[in-house]
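Hydrogens, waters and symmetry mates are skipped; everything else that's a heavy atom, side chains included, is used. Labels below follow one simple rule: chain letters A, B, ... track the order of the sequence lines, proteins then strands, and each chain is numbered from 1.
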Number of protein chains: 2
Amino acid sequence: MKTQPRQNLTHQLTHDLGFAIVRGVYPVSEGLPSEADLCIKYNVSRSATREAVKMLSAKGLISSRPKQGIRVLPESSWNMFDTDVLRWILSSKPSLSLLKEFTQVRVALEPQAAALAAVSATPEQLAEIDNALARMADADEGLDDPLEADIAFHTSILVASNNRFFVQLTEFISTALRVSIRYTNHIKGVPGADVNKHADILDTIKSGNPERAKKAVETILEEALELIESKLD
Amino acid sequence: MKTQPRQNLTHQLTHDLGFAIVRGVYPVSEGLPSEADLCIKYNVSRSATREAVKMLSAKGLISSRPKQGIRVLPESSWNMFDTDVLRWILSSKPSLSLLKEFTQVRVALEPQAAALAAVSATPEQLAEIDNALARMADADEGLDDPLEADIAFHTSILVASNNRFFVQLTEFISTALRVSIRYTNHIKGVPGADVNKHADILDTIKSGNPERAKKAVETILEEALELIESKLD
DNA sequence: AGTTCATTATTGCTTAATTATATATCATAT
DNA sequence: ATATGATATATAATTAAGCAATAATGAACT
């Protein structure tokens with residue numbers, strides 16, 4: 001794992017430490033090296049270290065108190081809906097069971113988002129979904145990236161829900177999807193997604209029928225979930 | 001809004017700035033005062049300021065670059081699943097439409113979590129839900145806090161889903177629920193929740209029937225949603 | 001054995017100086 | 001006039017060094 005330089009030292013260090021923590025380099029509820037030791041180890045100043053520590057504690061990975069030192073918090077308090085944290089987790093321990101759990105979340109969220117979109121999407125938002133669908137069709141011809149087109153389709157529905165929480169989840173979904181889709185397509189043995197089924201989803205949303213929209217998304221996601229679960233046994 | 005002193009200066013400043021940003025004191029995509037000005041305004045050192053800025057940027061509220069200064073990011077990039085951010089938002093602009101959106105998220109998540117719990121909850125986890133239900137009953141007699149008992153019930157189901165993402169959402173749900181339940185009970189004119197309906201949920205989970213568990217939770221949440229929507233017109 | 005007190009490791013906080021990096025300004029050349 | 005490029009400037013980035021506050025540990029004293 002090469003760690004290409006980030007925008008600045010603090011971010012670089014935040015990334016390095018965060019990734020190390022997620023990888024389990026430092027035992028949970030045990031200690032990281034002290035600030036002073038981290039300075040030496042990473043050859044940076046105390047301030048840079050402290051700023052990185054503060055960022056990681058803002059993301060729920062660690063806590064730091066005088067004399068006690070810096071402690072890794074239990075996984076349950078890590079903010080997995082922070083895309084940095086999620087990326088670190090996915091790139092260090094991309095387990096199949098985590099993909100299953102992620103897909104279970106999608107099964108909960110995306111059908112509901114589609115139902116809301118069916119009721120409240122603006123013409124511009126519908127055009128955006130349409131556009132993503134066109135990209136998926138292009139991708140079938142090798143004219144676009146199938147992965148990114150697929151992601152764009154699903155996130156554009158979240159945006160069209162006009163619910164701030166769902167909109168906020170676009171980053172989360174697309175981050176995990178970037179790993180998940182690649183995997184499911186791989187085990188299906190196909191390079192891209194089924195454009196027709198995605199077109200169905202858009203139709204139901206356009207027709208303004210929340211129940212049908214919900215069902216259409218549910219169908220496609222349950223399929224993905226079953227595919228993953230079948231590999232888990 | 002009194003700002004009681006937090007555990008330390010940096011956290012205090014993070015809270016003050018975060019709350020001010022969410023309240024809209026600093027125009028979005030415009031600038032906060034420069035680090036130097038913030039030092040003067042809050043009478044703290046440069047390092048304390050920088051650490052607070054780093055924490056807020058870790059939560060997606062701001063970005064900071066040389067010459068450009070510190071900018072408030074658009075709301076869509078605020079990490080609303082961070083409990084600090086959520087609390088700031090709820091205590092500064094607790095709008096009814098935000099409660100509606102939150103409840104829509106609950107409608108998506110909690111039925112699915114209950115379905116998973118029906119399939120995979122351990123005896124200890126079931127006991128935990130049971131315990132929360134008992135607290136709700138006690139609260140009916142004035143022997144416990146109805147709000148906290150209700151929250152405990154709903155979060156214990158999330159935990160029993162044995163899905164890391166749902167478990168992670170307990171903090172999010174309970175933070176928003178603390179505002180939401182108080183409001184819905186207020187407009188219903190009752191002090192606590194309907195214990196019988198909650199007991200039904202536990203029964204369906206215990207019986208191991210995911211579909212019925214899902215339906216049971218859906219029912220109770222759709223009710224809450226309709227209540228809120230009826231007040232929005 | 002328990003309580004108090006000193007020791008000590010570690011983070012918390014301040015100050016100050018230097019460096020890097022964007023942005024804007026202005027001069028120059030086309 | 002309009003690009004182009006050099007220069008200035010504002011701002012964060014980074015380092016350094018020291019003192020303060022805090023909490024865990026162990027020692028001393030009932």
Novice: Just by protein heavy atoms under 4.0 Å, how would nucleotides 5-18 of chain C read 5' to 3' in B, S and -?
Specialist: ----BBBBBBB-B-
Novice: Show every donor-acceptor pair shorter than 3.5 Å between a side-chain atom in residues 48-59 of chain A and any protein atom, with sequence neighbours excluded, or say none if there are none.
Specialist:
residue	atom	partner	partner atom	Å
Thr49(A)	OG1	Ser45(A)	O	3.0
Arg50(A)	NE	Glu51(B)	OE2	2.9
Arg50(A)	NH1	Glu35(A)	OE2	2.8
Arg50(A)	NH2	Glu51(B)	OE1	3.2
Glu51(A)	OE1	Thr10(A)	OG1	3.1
Glu51(A)	OE1	Arg50(B)	NH2	3.1
Glu51(A)	OE2	Arg50(B)	NE	2.8
Ser57(A)	OG	Lys54(A)	O	3.1
Lys59(A)	NZ	Asp82(A)	OD1	3.2
Lys59(A)	NZ	Asp82(A)	OD2	2.7
Lys59(A)	NZ	Asp84(A)	OD2	3.1
Lys59(A)	NZ	Ala58(B)	O	3.2

Novice: Looking at residues at least two apart in the chain, or sitting in another chain, which of them share a side chain to side chain donor-acceptor pair (under 3.5 Å) with Glu75(B)?
Specialist: Lys93(B)
Novice: Residues in side chain to side chain contact (heavy atoms under 4.5 Å, CB included) with Ala176(A), at least two apart?
Specialist: Leu86(A), Leu90(A), Phe102(A)
Novice: Who passes side chain to side chain donor-acceptor pair (under 3.5 Å) against Lys206(A), sequence neighbours left out?
Specialist: Asp130(A)
Novice: I'd like to check the side chain to side chain donor-acceptor pair (under 3.5 Å) partners of Glu124(A); sequence neighbours left out, ordered by chain and number.
Specialist: Thr122(A)
Novice: Could you give the start and end, 5' to 3', of the contact zone on DNA chain D for chain A, using atoms under 4.0 Å from its heavy atoms?
Specialist: dA13(D) to dA24(D)
Novice: With sequence neighbours excluded, what pairs up with Glu101(A) under the salt bridge (charged side-chain N to carboxylate O under 4.0 Å, His left out) test?
Specialist: Arg164(B)
Novice: Please name all residues satisfying side chain to side chain donor-acceptor pair (under 3.5 Å) with Ser95(B), sequence neighbours left out, ordered by chain then number.
Specialist: Ser97(B)
